[in-house]
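Okay, so here's the structure we're looking at.
Computation of the quantities below employed the complete heavy-atom set of this structure, encompassing side-chain atoms and omitting hydrogens, waters and symmetry-equivalent molecules. Note that the coordinates shown come from a computational prediction; the quantities given were computed from them, not determined experimentally. Heads up: numbering here begins at 1 and tracks the sequence.
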Amino acid sequence: MRVTVHAVGRLKAGPERELALRYFDRFAKFGGGQGLDFGRIVETAESRAGNAGTRMREEAGALERHFNADTVLLALDERGRNLDSQAFADMLGQWRDAGRRDLAIVIGGADGLHDTIRDRAQAVISLGKLTWPHQLVRILIAEQLYRAATILAGHPYHRS
């Protein structure tokens, strides 16, 4: 299953980008052996509209252009389900084992994700009750993808 991360906003050069790329690289190298292939990171420009509703709608439209009807959508949203790392790995493994070819993990902009993205998503998860800047969300999801691959492989990286 090809895993692509779609994010509203650009991640500038700096330590956050370097750390995110380090974990995405680890996932790319390790995940393939578990049937999880890292596709790429797709950055969508933030809307400059005057109100949050319009911004989220415009960003959702830009994101949706990248998904086909068969793409599994995993939306990251503060109102989503809280999963532990094992449950996250299990969810990815179930989609993989069901023969799903494409997974898109979606990170919203400063205003969050529009309802059209959350409603279309097969799963909506939260990275906790705290609000995270998108730079840190990329690091967190990159590390969790790597961790999920190691869990599925029975590798000792994850010690619960």
field: Chi angles and distances behind the side chain to side chain contact (heavy atoms under 4.5 Å, CB included) call for Glu59, Glu46
entry: CA-CA 7 Å; Glu59 291 165 355; Glu46 294 175 90; 4.0 Å; yes
message: Run the side chain to side chain donor-acceptor pair (under 3.5 Å) test on Gln94 and Asp90 for me, step by step, so that the C-alpha distance in whole Å, both residues' side-chain angles and the decisive distance to 0.1 Å come before the verdict.
response: CA-CA 6 Å; Gln94 289 168 4; Asp90 291 345; 5.8 Å; no
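The hydrophobic clustering, which links ILVMFWY residues whose side-chain heavy atoms are closer than 4.5 Å, places Trp132 and Met56 apart. Under the 4.5 Å side-chain contact rule for hydrophobic residues, Leu145 and Val72 share a cluster. Linking ILVMFWY residues whenever their side-chain heavy atoms come closer than 4.5 Å, directly or via other members, leaves Ile117 and Met91 in distinct clusters. In the hydrophobic clustering of this structure, Ile107 does not group with Phe67; members are Ile, Leu, Val, Met, Phe, Trp, Tyr whose side-chain heavy atoms approach within less than 4.5 Å, directly or through other members. Leu63 and Ile41 sit in two unconnected hydrophobic clusters of ILVMFWY residues. Membership requires side-chain heavy atoms under 4.5 Å apart, directly or through other members.
Here Asp70 contributes atom CG and Asp102 contributes atom CG; the two are 8.0 Å apart, rounded to the nearest 0.5 Å. Considering CD of Gln144 and OG of Ser85, their distance stands at 3.5 Å, rounded to 0.5 Å. One finds the OG1 atom of Thr44 at 11.0 Å from the CD atom of Glu64 (value rounded to the nearest 0.5 Å). Atom CG of Leu92 and atom CG of Asp97 lie 10.5 Å apart (nearest 0.5 Å). Taking CG of Leu127 as the start and CG of Leu140 as the end, the distance is 5.5 Å to the nearest 0.5 Å.
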Please set out all donor-acceptor pairs under 3.5 angstrom arising from side-chain atoms of residues 6-22, sequence neighbours excluded.
from  : atom 1 : to    : atom 2 : distance (Å)
Arg10 : NH1    : Glu43 : O      : 2.9
Arg17 : NH1    : Leu11 : O      : 2.8

Without placing hydrogens or testing angles, list every side-chain donor-acceptor pair under 3.5 Å for residues 118-126, not counting sequence neighbours.
from   : atom 1 : to     : atom 2 : distance (Å)
Arg118 : NH1    : Asp77  : OD2    : 3.4
Arg118 : NH1    : Leu113 : O      : 2.3
Arg118 : NH2    : Asp115 : OD1    : 2.0
Arg120 : NH1    : Thr71  : O      : 3.3
Arg120 : NH2    : Asn68  : O      : 2.7
Gln122 : OE1    : Leu73  : N      : 2.7
Ser126 : OG     : Gly128 : N      : 3.0
Ser126 : OG     : Gly128 : O      : 2.7

Under 3.5 Å, which donor-acceptor pairs do the side chains of residues 24-38 form with other protein atoms, sequence neighbours left out?
from  : atom 1 : to    : atom 2 : distance (Å)
Asp25 : OD2    : Lys29 : NZ     : 3.0

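Qualifying side-chain hydrogen bond (donor to acceptor under 3.5 Å, both in side chains) partners for Ser47, counting only residues two or more places apart in sequence or in other chains: Glu58. Judged as a side-chain hydrogen bond (donor to acceptor under 3.5 Å, both in side chains), and not counting sequence neighbours, His134 has no contacts. Every residue meeting the salt bridge (Lys or Arg N to Asp or Glu O under 4.0 Å) condition with Arg55, not counting sequence neighbours, appears here in chain and number order: Asp111. Evaluation of the side-chain hydrogen bond (donor to acceptor under 3.5 Å, both in side chains) rule for Arg101 yields no partner, not counting sequence neighbours. Contacts of Arg100 classified as salt bridge (Lys or Arg N to Asp or Glu O under 4.0 Å), with partners at least two apart in sequence or in another chain: none. Partners of Asp84 according to the side-chain hydrogen bond (donor to acceptor under 3.5 Å, both in side chains) rule, which considers only residues two or more places apart in sequence or in another chain, do not exist here.
For residues 86-115, the set of pairs meeting the ring-ring contact (aromatic ring centres under 6.0 Å, His included) definition, not counting sequence neighbours, is empty. Judged as a side chain to side chain donor-acceptor pair (under 3.5 Å), the pairs with a partner in residues 148-157 (not counting sequence neighbours) are, in order, Glu143-Tyr157.
For the pair Leu103/Arg2, no side-chain contact is recorded, criterion being any heavy-atom separation below 4.5 Å from C-beta on. The side-chain heavy atoms of Val106 and Leu74, taken from C-beta on, include no pair separated by under 4.5 Å.
Applying the 4.5 Å side-chain rule to ILVMFWY residues, one finds that Val42 remains a lone member of its cluster.
When every heavy atom of Gly39 is checked against every heavy atom of Thr4, the shortest pair comes out as CA-OG1, 4.1 Å.
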